[in-house]
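Reading through the structure tokens given below for one structure.
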Amino acid sequence: MRFGIFYEHQLPKPWNPGDEARLFHEALEQVVLADRLGYDYAWEVEHHFLEEYSHSSAPEVFLAACAALTKTIRVGHGIRQVIPNYNHPARTAEGLGTLDIISRGRLDFGIGEGATRLELGGFGIPAREKRALALEAAEQIANMMVMAPYPGFEGKGFSFPCRNIVPKPVQTPHPPMWMACTNRDTIKVAAANGLGALAFSFVDPQEARDWAEIYYGIIRSDQCVPIGHAVNANLAMVSNFSVHPDRAEAIRRGQEGFEFFSYAVNALVAHDALPGRSTLFEDFQKSRARSDDEIIAATRAAARNASGIGTPADIRDHIEAFQTAGVDQVIFLQQAGRNKHAHICESLELFAAEVMGAFKAQVAEREAKKAAELAPFLEAAMARKVWMAPLAESEIPVVPASRKTAQINAVAG
């Protein structure tokens with residue numbers, strides 16, 4: 001089992017001067033700590049205009065800072081918005097190549113498409129076409145990272161001429177590719193396209209087992225036709241994360257933040273929004289106003305079922321259940337709502353000291369066994385891939401010099 005940490009950069013109101021800067025710098029401190037403690041991944045989302053919920057609109061900048069400050073932890077776009085209206089595929093490929101170099105080959109590349117009208121409408125993306133546009137762009141981004149030159153493309157979402165995209169990534173053929181998944185249908189899409197599944201939904205171990213069976217069943221089947229130049233057969237599940245020797249204190253520190261996270265995910269899709277006037281956290285607090293009896297009942301339920309919240313022993317059982325279900329990585333959502341920086345660091349340290357070691361000791365054997373079992377299926381999947389044909393030398397088009405340059409040369413001569 002591998003372990004990651006995950007950032008939305010949530011900033012509930014009210015906002016005070018310096019709050020955004022503090023949020024980002026504390027997140028960097030947490031990633032540096034996670035690197036020192038032996039966590040495997042630091043994942044960063046990309047969202048736009050989602051006040052309070054996510055201030056992570058430039059993940060490539062944050063991840064570059066993470067890469068420069070760390071030594072071993074992998075840095076992951078979890079995810080990059082790949083539809084051309086958000087980020088042109090050539091610019092994404094250039095950024096990935098650069099970040100893979102800066103990180104010395106520690107980059108993972110998750111793809112996403114966005115779900116809210118704030119994002120899709122802001123960039124003029126038809127909601128019904130977003131999945132097809134994202135997959136089309138992702139396949140071409142992979143081609144751009146590998147082919148020299150990239151032959152060019154005429155598609156539904158974008159057109160692009162023959163160019164050689166530089167720099168190329170350190171990892172070959174390219175950084176591992178993933179896809180954001182929120183339900184069984186998207187798990188199927190990820191597997192069918194040979195992508196790792198970043199399951200950003202809170203599910204119990206039984207549901208995780210079902211998702212793993214679906215995912216790896218397709219990976220082993222003729223349905224798997226990769227869009228990348230390699231198959232990344234991995235399933236990662238997101239989990240809440242608040243660890244303390246006292247279970248009640250772990251709940252007190254983390255429960256509200258994770259409730260806000262879940263509330264905001266639904267509200268951003270279901271509620272109207274007034275740009276620049278968000279009341280997301282205020283609305284959340286009103287929604288959770290309950291009687292004393294309801295609060296007691298909710299606290300008891302949280303103690304029994306708080307996924308990723310509790311004592312080291314609680315978290316150990318939680319991870320073991322996911323491991324048994326067939327999950328390859330658990331990604332901890334520790335920065336949610338108003339969760340405090342000091343508490344996050346304490347949770348990271350306690351988990352690393354008392355829980356992580358036993359699972360990390362099993363990684364090499366488990367991954368070697370998995371690789372051997374999947375090898376023939378991945379080879380068959382790559383044989384089914386439809387490859388973009390490289391250009392022959394004679395087919396590479398000449399790009400004419402600009403008229404201005406030609407005039408300057410004429411004068412100089």
Side-chain angles (χ1 to χ4, degrees), residues 2 4 6 40-41 43-46 59 74-83 86-87 89 92-93 96 99-100 107-115 130-146 155 157 169 171-201 208 211-238 326-331 367 370-371 374-375 377-388:
R2 295 193 178 273
F6 174 62
D40 300 290
Y41 289 82
W43 295 98
E44 172 81 345
V45 76
E46 178 182 346
R74 294 187 67 83
V75 293
H77 276 287
I79 49 63
R80 170 101 170 164
Q81 302 284 19
V82 296
I83 295 173
Y86 292 122
N87 298 292
T92 292
L96 295 172
L99 186 50
D100 203 39
L107 175 65
D108 280 60
F109 168 40
I111 71 168
E113 58 204 40
K130 65 190 182 86
R131 175 68 47 76
L133 293 173
L135 291 173
E136 177 186 76
E139 182 172 18
Q140 296 313 311
I141 290 165
N143 288 333
M144 290 174 177
M145 287 191 285
V146 173
Q171 298 175 87
T172 56
H174 50 63
M177 293 179 65
W178 303 72
M179 178 178 172
C181 301
T182 56
N183 52 48
R184 295 186 184 207
D185 288 341
T186 43
I187 286 285
K188 294 175 183 178
V189 173
N193 287 282
L195 304 171
L198 292 171
F200 292 137
S201 288
W211 286 23
E213 290 177 353
I214 291 169
Y215 178 81
Y216 280 108
I218 293 175
I219 288 289
R220 292 182 173 93
S221 77
D222 293 346
Q223 296 177 58
C224 181
V225 182
I227 61 172
H229 288 239
V231 177
N232 179 32
N234 279 288
L235 174 61
M237 290 276 181
V238 71
V327 175
D328 302 296
Q329 179 184 162
V330 175
I331 302 173
E367 291 187 350
K370 173 186 165 181
L374 289 181
F377 300 104
L378 303 191
E379 182 179 355
M382 293 309 299
R384 290 189 290 272
K385 177 178 171 59
V386 179
W387 299 89
M388 175 175 267

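Quantities reported herein were computed from a predicted structural model and do not represent experimental measurements.
Atom CZ of Arg2 sits about 10.0 Å away from atom CG of Asp328, to the nearest 0.5 Å. Rounding to the nearest 0.5 Å gives a distance of 14.0 Å between CG of Asp108 and CD1 of Ile79. Taking CD from Gln81 and CD from Glu113, the interatomic distance works out to 8.0 Å, rounded to the nearest 0.5 Å. Distance check, rounded to the nearest 0.5 Å: CD1 of Ile218 to CD of Glu213 gives 12.0 Å. Remark: Met177 CE to Leu96 CG distance equals 9.0 Å, nearest 0.5 Å. Distance check: Tyr216 OH to Ile219 CD1 gives 7.5 Å after rounding to the nearest 0.5 Å.
Between Met144 and Ala93, the shortest heavy-atom distance links the atoms CB-CB, 3.8 Å. Of all non-hydrogen atoms in Arg74 and Pro176, the two that sit nearest each other are NH2-CD, 3.7 Å. Between Pro89 and Ala137, the shortest heavy-atom contact is CG-CB, 4.1 Å. Residue Ala233 comes nearest to Tyr215 through the heavy atom pair CA-OH, 3.5 Å, listed as atom of the first residue, atom of the second, then distance. When all heavy atoms are compared, the tightest approach of Ile111 to Ala138 is CD1-CB, 3.7 Å. Closest of all the heavy-atom pairs between Leu107 and Pro175 is O-CB, 3.3 Å.
Formation of a donor-acceptor pair under 3.5 Å by the Tyr86 side chain with backbone atoms of Arg80 is not found in this model. Judged purely by atom type and a 3.5 angstrom limit, Asn193 has no side-chain atom pairing as donor or acceptor with the backbone of Leu195. At least one donor-acceptor pair closer than 3.5 Å links the side chain of Glu136 to the backbone N or O of Gly157. A donor-acceptor pair is defined here as one N or O able to donate and one able to accept, closer than 3.5 Å; no such pair exists between the side chain of Asp185 and the backbone of Lys188. The backbone N or O of His229 sits less than 3.5 Å from a side-chain atom of His174, completing a donor-acceptor pair.
Trp178 and His77 have their aromatic ring centers separated by at least 6.0 angstrom.
Tested against Phe6 for a ring-ring contact (aromatic ring centres under 6.0 Å, His included), the candidates Tyr41, Trp43, Phe200 yield a single pass: Phe200. Phe109 pairs with exactly one of Asn232, Asp100, Val82, Leu99 by the side-chain contact (heavy atoms from CB on, under 4.5 Å) rule, that one being Val82.
For the pair Val231/Leu374, no side-chain contact is recorded, criterion being any heavy-atom separation below 4.5 Å from C-beta on.
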| request: Go through the steps to decide whether Gln140 and Met388 satisfy the test side-chain contact (heavy atoms from CB on, under 4.5 Å), and finish with yes or no. | output: CA-CA 9 Å; Gln140 296 313 311; Met388 175 175 267; 3.1 Å; yes
Checklist line | Criterion side-chain contact (heavy atoms from CB on, under 4.5 Å) on Val238 and Leu198, from CA distance to verdict | finding: CA-CA 8 Å; Val238 71; Leu198 292 171; over 6 Å; no
Under the side-chain contact (heavy atoms from CB on, under 4.5 Å) rule, what do Met145 and Gln171 come out as? Steps first, then yes or no, please. CA-CA 10 Å; Met145 287 191 285; Gln171 298 175 87; over 6 Å; no
Run Asn234 and Gln329 through side-chain contact (heavy atoms from CB on, under 4.5 Å) and show every step you take. CA-CA 8 Å; Asn234 279 288; Gln329 179 184 162; over 6 Å; no
